[in-house]
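Taking it in order: structure first as structure tokens, then the write-up.
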Amino acid sequence: MTEVQLPAEPSGLAFDPSRSALIVIDMQRDFLEPGGFGETLGNDVSLLQAAVGPCRKAIAAARAAGMLVIHTREGHRPDLSDAPPAKIARGEPSKRIGDPGPMGRILIRGEPGHDIVEALYPAEGEPVIDKPGKGAFHQTDLMQMLGNARVDTLFVAGVTTEVCVHTTIREGNDRGFRCVALGDACASYFPEFHRVGLEMIKAQGGIFGWVSDADNFASTLAEAAKAA
Ligand code: TIU
């Protein structure tokens, strides 16, 4: 497929949908629902609901365009052998990583809380990357997967804007990918961090990426399909 033009900030971006991927970061019950990791840290998890509708729209548009859709989940092995002690010990959470909670053990693979929310559940065959850190490239096979698919542009959605979305965009940018945050498809427990997090990406002429939104992403892909 040929390149299409996405309205974005600080400037529009020409991209080839067949060389692009949508990465949906950590839309897990542990972050979005009461009783999970996010709430144990003292957060109002309802704030993250704002990203669900735009994520749905972006995922549907990517699937319709045949674009690679990749989901990630933050979490650890049940024996905690991949969880840095500094991460487990940090702060004063009401429960620590690995402790039992209403959705199973906090931030542990295989537990109900670790799974992706029902509204955004991966389709059959879509890769799900389990990551132990904040960035999706750290200790995962994401780089191999993107290289095999000849991807050069990443559209990033999910939570939270200033933590796992930012880290992944920074990692991707340093690895040579053009990274676009779909702003309304991201969310934070801190609305101000969400706003400023997006500002940081696109400042200085797009210092480590671009910012667009789910509507522009979907309409650009739909127009490309009509023109094809
Ligand atoms: N706490 C918080 O804002 N985020 C995380 O711990 N992980 C992700 O962003 N996924």
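Whatever order the structure lists ligands and atoms in, that order sets their numbers, starting from 1. Keep in mind the model is a prediction, meaning the values are calculated, not measured.
- Only side-chain heavy atoms of Asp26 come within less than 4.0 Å of ligand 1; its backbone N, CA, C and O stay farther off.
- Remark: Asp99 does not engage Arg105 in a salt bridge, criterion side-chain N to carboxylate O under 4.0 Å.
- The shortest contact between atom 4 (N) of ligand 1 and any protein heavy atom is with Thr160 OG1, 3.5 Å.
- Looking only at heavy atoms of the protein, atom 8 (C) of ligand 1 is closest to Cys164 SG, 2.6 Å.
- Across all their heavy atoms, Leu47 and Ser188 have their closest contact at CB-O, 3.7 Å.
- Remark: the His76 side chain and the Lys87 side chain contain an N/O donor-acceptor pair separated by less than 3.5 Å.
- Considering backbone and side-chain N/O of Leu41, none are found under 3.5 Å from N/O of ligand 1.
- Polar contact check, Glu74 against ligand 1: a nitrogen or oxygen pair lies under 3.5 Å apart.
- Looking only at atom types and distance, the side chain of His194 has a donor-acceptor partner in the side chain of Thr161 under 3.5 Å away.
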Q: Begin with the C-alpha distance, continue with both residues' side-chain angles, and end with the deciding distance and a verdict on ring-ring contact (aromatic ring centres under 6.0 Å, His included) for Phe208 and His166.
A: CA-CA 10 Å; Phe208 58 95; His166 241 232; 5.3 Å; yes
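- Under 3.5 Å, the side chains of Glu39 and Asn43 contain no donor-acceptor pair of N or O atoms.
- Here Val159 has backbone heavy atoms under 4.0 Å from ligand 1, and that is the only part of it that gets that close.
- When each of Phe177, Trp210, Phe15 is tested with Phe155 by the rule ring pair (Phe, Tyr, Trp, His ring centres under 6.0 Å), just one qualifies, namely Phe15.
- The N/O atoms of Tyr189, backbone and side chain alike, include none that comes under 3.5 Å of an N/O atom in ligand 1.
- Geometrically, ligand 1 and Lys134 share a nitrogen or oxygen pair separated by less than 3.5 Å.
- Which parts of ligand 1 touch Phe37 is read off a 4.0 Å heavy-atom cut-off, strictly below it: atoms 6 (O).
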